[in-house]
Number of protein chains: 2
Amino acid sequence: MTPYYTDGQATIYHADAFDILPRLEGVGALVTDPPYSSGGAFRGDRMTTALSKYASSDSSAQRGIGFTGDNRDQRAFLAWCSLWLTACRGASVEGATFAIFTDWRQLPTLTDAVQVAGYVWRGVGAWSKKFGRPRAGGFSGACEFLAWGSHGALDAVPTYPAGVFECSAPPVRTRAHLTEKPEPVMAWALGNVAPGRLVLDPFMGSGSTLIAARLRGCSAVGVEIDERYCEIVARRLSQELPFDPPTMPSPGLWGRGAL
Amino acid sequence: MTPYYTDGQATIYHADAFDILPRLEGVGALVTDPPYSSGGAFRGDRMTTALSKYASSDSSAQRGIGFTGDNRDQRAFLAWCSLWLTACRGASVEGATFAIFTDWRQLPTLTDAVQVAGYVWRGVGAWSKKFGRPRAGGFSGACEFLAWGSHGALDAVPTYPAGVFECSAPPVRTRAHLTEKPEPVMAWALGNVAPGRLVLDPFMGSGSTLIAARLRGCSAVGVEIDERYCEIVARRLSQELPFDPPTMPSPGLWGRGAL
DNA sequence: GCCGAGAATGAATCCATCC
DNA sequence: AGGATGGATTCATTCTCGG
């Protein structure tokens with residue numbers, strides 16, 4: 001339980017999420033982008049490495065770091081998500097929200113899992129990338145989805161994020177992580193999180209969640225199993241502007257929880 | 001099995017879908033907008049009429065025709081969808097596509113049902129209404145979703161509809177049906193249907209699917225249990241421009257099926 | 001016909017009351 | 001106790017209407 005990195009605002013643990021989550025508390029928002037275990041209707045299509053699955057095969061970008069934990073079938077994915085989501089909810093204050101990215105194929109399994117874990121599922125947002133790969137005879141896959149909800153009643157935080165957010169996906173060659181979300185997309189995903197809350201990302205990757213949390217005036221905890229990403233994110237955090245504690249709207253009006 | 005209305009292009013049956021579907025054949029595309037049985041996290045919120053559920057209580061629009069069959073719980077909704085989807089697939093040619101509207105809450109149940117029925121689920125499109133009712137502390141519900149896929153292999157029809165379609169919802173009082181889809185939205189939903197195919201809508205409502213099919217150069221069958229809508233649609237179809245058989249791309253190149 | 005100001009609206013949700 | 005009913009709430013977009 002020794003952090004890999006910590007400063008006034010952000011803390012990184014180099015560990016498996018299951019080793020850290022049981023010891024956390026005070027979480028006000030879960031915002032994450034777990035491995036989708038998706039890609040392909042057949043088992044064989046899922047069993048390749050993350051790199052060859054998600055770096056499009058006709059690009060020159062088949063390089064970079066891959067990531068692990070992306071080979072579960074539907075039943076295992078449901079069980080695994082239910083477990084880490086249960087642990088996250090256990091670390092959360094009443095009224096904490098969640099916002100979890102997924103693709104169309106895993107959305108039903110993920111929404112089952114959040115409910116198995118005891119969260120209240122309250123909606124689905126859509127990140128429109130504007131251009132998906134076209135597909136003859138089919139609709140292009142131009143969206144990723146954001147399942148959101150809360151632990152118990154929803155705090156009426158006076159924010160009104162849109163249900164659809166439009167933002168082009170960055171080119172693969174500029175990403176630190178294969179499935180890295182653009183910064184505006186992460187800011188959108190944090191759009192209903194009250195400043196001052198503690199944001200948790202158990203699958204930190206390149207750390208976009210932690211950066212977005214900092215910009216929003218939130219503290220944050222990231223957990224990442226691959227040390228190379230921990231190093232990258234620690235460097236990013238050191239170079240970003242220092243954390244300014246929230247001076248934004250009166251916290252007293254922003255509901256219960258870790259304010 | 002006597003049509004309520006028929007012309008060279010469109011046929012309407014005033015009946016329950018289950019009475020008609022077993023006797024249909026040659027369907028090349030299922031495009032429909034079934035009752036969602038949605039609305040509210042609690043059973044009580046689903047058990048009111050469609051009008052009071054969906055015509056917002058603060059508007060002056062609590063009038064007009066409602067619709068039935070919108071009060072099923074999750075288990076019943078899954079079973080019911082599985083049954084009519086099975087019947088639709090039975091009436092379909094190999095390679096026929098489906099495109100079915102639903103809201104965020106029923107999307108997982110619907111995608112289960114299409115797979116129970118033997119269809120291949122291939123993706124989710126999103127109709128963005130640009131603006132949904134705002135919700136403090138939450139993402140606005142600005143989307144309806146379009147689950148799509150095929151009966152067997154997907155024909156490589158050379159069309160590339162977008163995964164996200166943006167179109168404002170028209171005001172309730174200008175609609176013939178409470179949940180009527182704008183014409184551009186239906187045209188989008190038919191975006192991967194080859195002209196000349198037979199389009200089926202077992203929950204016809206105000207007939208937007210049939211109109212969109214006509215504009216696309218497709219024949220169409222609609223089934224509707226409420227005679228008032230049958231009458232409205234028959235009138236719409238009589239007043240629309242007559243059907244021009246497709247003169248569009250060479251049908252031979254557009255795959256198998258009802259061309 | 002064009003423009004701007006003001007009004008209306010929403011495939012809701014939550015909760016207090018009433019049966 | 002549990003289901004049914006009705007009111008309050010929210011704001012970007014669309015609609016309406018007058019100039």
Side-chain angles (χ1 to χ4, degrees), chain A residues 95 97 120-126 148-150 152-166 188 191-192 253-255, chain B residues 32-74 77 81 100-107 109-110 125-147 165-182 184-186 189 203-206 208-209 229:
Chain A
T97 56
V120 182
W121 174 40
R122 294 182 184 276
V124 175
W148 73 273
S150 63
L154 183 67
D155 287 338
V157 177
T159 58
Y160 301 85
V164 179
F165 189 76
E166 198 165 288
W188 168 65
N192 66 337
L253 297 175
W254 289 54
Chain B
T32 193
D33 190 22
Y36 294 176
S37 288
S38 197
F42 305 102
R43 184 167 168 274
D45 288 323
R46 281 191 306 273
M47 293 301 146
T48 54
T49 66
L51 261 180
S52 67
K53 277 159 67 175
Y54 302 134
S56 82
S57 56
D58 53 13
S59 82
S60 53
Q62 300 237 23
R63 59 196 175 72
I65 313 176
F67 55 93
T68 58
D70 198 57
N71 297 307
R72 296 178 178 86
D73 70 14
Q74 289 282 320
F77 185 73
C81 287
I100 304 167
F101 285 96
T102 182
D103 69 354
W104 63 271
R105 197 189 295 280
Q106 299 294 32
L107 180 59
T109 305
L110 181 70
W127 167 33
S128 166
K129 306 178 196 179
K130 295 188 178 170
F131 188 74
R133 173 167 290 206
R135 177 171 194 185
F139 296 79
S140 78
C143 266
E144 283 181 45
F145 299 100
L146 186 71
F165 188 78
E166 197 165 290
C167 178
S168 297
V172 166
R173 69 181 176 292
T174 65
R175 303 179 203 165
H177 190 279
L178 186 53
T179 66
E180 181 176 333
K181 300 287 174 287
V185 172
M186 294 312 302
F203 307 100
M204 182 184 68
S206 59
S208 303
T209 303
Y229 291 120

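Every chain is numbered from 1, with letters handed out A, B, ... down the list of sequences.
- Contact check, B:Arg175 against C:dA11: a side-chain N or O comes under 4.0 Å of OP1 or OP2.
- The residue among A:Arg122 and B:Phe67 whose nearest nucleotide of DNA chain C lies closer to the 5′ end is B:Phe67.
- Here the CZ atom belonging to B:Phe203 is positioned 11.5 Å from the NE2 atom belonging to B:His177, to the nearest 0.5 angstrom.
- For B:Tyr54, the side-chain atoms get nearest to C:dA12 when compared with the rest of C:dA12, D:dT10, D:dT13.
- Interface remark: the B:Lys181 side chain does form a donor-acceptor pair with the C:dA11 base, using a distance-only criterion of under 3.5 Å.
- Within the 4.5 Å cutoff, side-chain heavy atoms of B:Ile65 are placed close to those of B:Tyr229.
- Listed nucleotides: D:dC11, C:dA11, C:dT13. Nearest to the side chain of B:Lys129: C:dA11.
- Between the NZ atom of B:Lys53 and the P atom of C:dA11 there is a distance of 13 Å, given to the nearest Å.
- On a pure distance criterion of 3.5 Å, no polar donor-acceptor pair joins the side chain of B:Asp70 and the base of C:dA11.
- Protein atom CZ of B:Arg135 is 8 Å distant from nucleotide atom C1' of C:dA12, rounded to whole Å.
- Straight-line distance from the CG atom of A:Asp155 to the P atom of C:dT13: 18 Å, rounded to whole Å.
- The distance between atom CZ of B:Phe131 and atom P of C:dT9, rounded to the nearest whole Å, is 15 Å.
- Checking A:Arg122 against A:Ser150 by side-chain atom types alone, a donor-acceptor pair falls below 3.5 Å.
- Using a 4.0 Å heavy-atom distance criterion, B:Ser38 is classed as making no nucleic acid contact.
- The separation between B:Glu144 atom CD and C:dA11 atom P is 7 Å, rounded to whole Å.
- In this structure, NZ in B:Lys53 is found 6.0 Å from OG in B:Ser37, a value given to the nearest 0.5 Å.
- Atom pair A:Tyr160:OH and C:dA12:P shows a separation of 18 Å (rounding to whole Å applied).
- Proximity note for B:Ser168 (side chain, C-beta onward) versus C:dT13, D:dT10, D:dT14: the nearest is D:dT14.
- Paired regions of DNA chain D, where each region holds three or more successive Watson-Crick or G-U pairs whose two hydrogen-bonding distances fall under 3.5 Å, are C:2-10 with D:11-19, C:12-19 with D:2-9.
- Side chains of B:Ser38 and B:Gln106: no donor on one and acceptor on the other come within 3.5 Å.
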When you look at B:Met186 and B:Phe101, which way does the side chain to side chain contact (heavy atoms under 4.5 Å, CB included) test go after all the steps? CA-CA 10 Å; B:Met186 294 312 302; B:Phe101 285 96; 3.9 Å; yes
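- The CZ-C1' distance, from B:Arg133 to C:dT9, rounds to 8 Å in whole Å.
- If you measure from atom CG of A:Leu154 to atom P of D:dT10, you get 13 Å, rounded to the nearest angstrom.
- The residue B:Trp104 sits close only to the backbone: its heavy atoms come under 4.0 Å of sugar-phosphate atoms, none of a base.
- Residue pairs that meet the salt bridge (charged side-chain N to carboxylate O under 4.0 Å, His left out) test with at least one member in residues 134-146 of chain B, sequence neighbours left out, are B:Lys129-B:Glu144, B:Glu144-B:Lys181.
- When the nearest nucleotides of DNA chain D are assigned to B:Gly132 and B:Ala169 by heavy-atom distance, the more 5′-ward of the two goes with B:Gly132.
- Relative ring orientation between B:Phe67 and B:Tyr54 is described as parallel, the plane-to-plane angle staying below 30° on a 0-90° scale split at 30° and 60°.
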